[in-house]
2 protein chains.
Amino acid sequence: MKSKITLKKIAKEFDVSISTVSKALKDSHEISEEVREKIKAFAAYYHYKPNSLALNLRNQKTKTIGVIIPEIVHHFFSKVISGIERMANQNGYNVMICLSNESHEKEVLNMEMLANGIVDGILVSVSKETEEKGAYHHFKQLISDGIPLVLFDRVIDEVQCNKVIVDDLGGGHLATNYLIKHGCKNVAILTTPDHVSVGKTRKEGYIQALKEHQITVEASNIIKINEKEDIYTQIEALFELSNIPDGIFAVNEIYAATAMQIAHKRGLNIPEDISILGFTDGFISAFTYPTLTTVAQHGNTMGEKAMQLLLDELNTQDADYKHNTVVINTDLKIRESTKN
Amino acid sequence: MKSKITLKKIAKEFDVSISTVSKALKDSHEISEEVREKIKAFAAYYHYKPNSLALNLRNQKTKTIGVIIPEIVHHFFSKVISGIERMANQNGYNVMICLSNESHEKEVLNMEMLANGIVDGILVSVSKETEEKGAYHHFKQLISDGIPLVLFDRVIDEVQCNKVIVDDLGGGHLATNYLIKHGCKNVAILTTPDHVSVGKTRKEGYIQALKEHQITVEASNIIKINEKEDIYTQIEALFELSNIPDGIFAVNEIYAATAMQIAHKRGLNIPEDISILGFTDGFISAFTYPTLTTVAQHGNTMGEKAMQLLLDELNTQDADYKHNTVVINTDLKIRESTKN
DNA sequence: AATTCAACCGAAAACGTTTTCGTGTTGATA
DNA sequence: TATCAACACGAAAACGTTTTCGGTTGAATT
């Protein structure tokens, strides 16, 4: 373990000052050609690379951005990360990823850690626990410390910063409308509890579409899944109603795929007896039987847009920079699980 | 953007030295109770947190480890990351994730970036291009710089370091053996080109199992998928053989699920006419129809083990520390796509 | 009254880099 | 021979922290 080569060591080698070495490596005209060349040769031989920590400390910036997401074993978030990464790299930034595991405490801890000089800006998708508790103090603290923040996917109205969201309302509307237009008379929804913002908004799109068609909203057709308990049995309830739905809109892929399995078990044909439509950028949809019609979310685009907003804020000189909220469009990926 | 509070600013506030402030905040007995308390109160009020960069520079370590993976939109890698992250956090380390996107150049770039002081150690799963080219110089460079390296999943024999692999040989054997034992007379394999080490090894397990049962290995039953071209048609070739297989072992989930779709299209019943078995830690398997029997890979365990090895190496005082290769066991997750 | 000793605090080095400013030497010019 | 510019390099500050080693008080002990 020969420790890394530094300016100081090179300086000692040639019996010159550290400044001379630094300048020589930067091809400064202040240094004679002779000295310059021999220093450069020596440095190259030992693979000299300036220590990033020292540079960061001096420049007061790290060219690194931090990302906090609730979980990584999740296709949508993976896609977002992928988009963030690409855009960041294109602009000379590196990405540091932290997981909150849906825990408020870990979200706060990660943020404090990132905020202490390690990153120039932070991208966050809010954990469920934070949404539930309504505890936003750490975000406001971050902003008042002058560190640019962008929220994506799961955002918070009360926090003033750049945001990127998918058009959950439009997506919910789009999905429900499609089911109705293609013959479903009794459309149910599988959604999350209301404290999960995206689920809530998609449900509102669902309700909006029903109302537009003068269909009354049945409370029994709205199932809010509690993920702490068994998903399968909660969804099964839908199939035990006196009036079994002929269309199901699920706010994510898992709920949709599970509903499919239940339909299979009960001998229902998809889409003849029941149409199923999911919401996701997912992976499963293309491989279910039949393949699943979904609302596509474009996670990559979201990641790119979020990073773009962060870059804008990092690069602005403008004293009264105005924050934006970008809405990513959704569209329908029509497959086989719905009638046409 | 009021800039962050530092020791220097606190020192100026109370007209004491920086050392005094530093000591006071660490509750040193060298500082009088009076001074100590007022400094601590002031610091707390302004949310003072020591600057990580400065600490890292001084301590010559960052308590951060770097991870380079080929892609993140991939369930197995997500799981590995998740395991790495958990183990790292438990031990006070943070994780920095970089993507090589299967490109050799990006892998090298990422490594050089991480190696310049940002991280204390690095975990890598080798990109396909690096495997293909056989260009390992960057790994050897890293090791000779004294930065601990652990390779996982896709590893390289020529590089001397800690490694974690799944038991691909055993897994391939296990899968093939299971198919044969349960009545398959004609087992085919969907695998990768040989330069992808995991695919090659799984194929060797397949061949081993066939030989143990005195079954001759048919070249036409071995399909090496070229991912640059259409997967579907390449797999379809299997169904156009004069002697269509009654068992398929696919080295990943996608190939298996695609084979299933083709079987459906051609009116074959699964598993009655043809058994299909995948290899993965995946996500799709539980939602295909029928659900897919797979060799489970335990990505989480791999991540934890890899991080554990890195920690061992970071913490050892031992001058002649010995490197290890840990093999993660696979086991069969039996679902519905195979006869029993 | 001289000595010792604790209590309290500051100076400075160290981590590795960049950059501004200063300084000494050389050779040419007035 | 004094002056001056050009050339080649070094000193030092700055980024923010920790820690070692002194140094100054005042009180207690001899």
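Below, chain A is the first sequence line, B the second, and so on; all start at residue 1.
Note on A:S19: a base of the nucleic acid sits closer than 4.0 angstrom, heavy atoms only. Here B:I18 lies in heavy-atom contact (under 4.0 Å) with a base. The residue B:E30 sits close to a base: some heavy atom pair falls under 4.0 Å. A:T6 comes within 4.0 angstrom of sugar-phosphate atoms only, judged by non-hydrogen atoms across all strands, and of no base. A:Y48 comes within contact range of the sugar-phosphate backbone alone, with a heavy-atom separation under 4.0 Å but no base atom that close. Residue contacts shown for B:L7 include a base, since a base heavy atom lies under 4.0 Å away.
Atoms NZ (B:K9) and C1' (D:dT17) sit 14 Å apart, rounded to a whole Å. One atom, CD1 of B:I31, and another, P of D:dT24, lie 17 Å apart when rounded to the nearest Å. Between the C1' atom of D:dT18 and the CG atom of A:L57 lies a distance of 14 Å, rounded to the nearest Å. Atom P of nucleotide D:dG16 and atom CG of A:N116 are separated by 13 Å, given to the nearest angstrom. In this structure, A:I39 places its CD1 atom 13 Å from P of C:dT18, rounding to the nearest Å. Distance CD1 (B:I5) to P (D:dT17): 10 Å, rounded to an integer number of Å. D:dA8 atom P lies 20 Å from atom NZ of A:K26, rounded to whole Å.
Between B:K8 and the phosphate of D:dC15, there is a side-chain N or O to OP1/OP2 separation shorter than 4.0 Å. A close approach under 4.0 Å does occur between a side-chain nitrogen or oxygen of A:Q60 and OP1 or OP2 of D:dG16.
When only modelled atom types and interatomic distance are considered, B:S103 and B:S100 share no side-chain donor-acceptor pair under 3.5 Å. Counted by atom type alone, B:N162 and B:E313 present one or more donor-acceptor pairs between their side chains at under 3.5 Å.
A donor-acceptor contact under 3.5 Å is not formed by the side chain of A:S17 with the base of D:dA11. Contact annotation: side chain of A:K23 to base of D:dG10, donor-acceptor pair present below 3.5 Å. Side-chain atoms of A:K4 and base atoms of C:dG16 include no donor and acceptor less than 3.5 Å apart.
In the set C:dT17, D:dA8, D:dT18, the nucleotide with an atom closest to the side chain of A:S32 is D:dA8. Checked against C:dT18, C:dC9, C:dA14, the side chain of B:T20 finds its nearest nucleotide in C:dC9.
Salt-bridge check for B:R36 with B:D27: passed, with a basic side-chain N closer than 4.0 Å to an acidic carboxylate O. In summary, B:E129 and B:K133 engage in a salt bridge, as defined by a charged side-chain N under 4.0 Å from a carboxylate O.
Note that CD of B:E85 and NZ of A:K106 are 4.0 Å apart. Values are rounded to the nearest 0.5 Å.
Residues B:R58 and B:V35 both approach DNA chain C. Their nearest nucleotides, taken by heavy-atom distance, put B:V35 toward the 5′ side.
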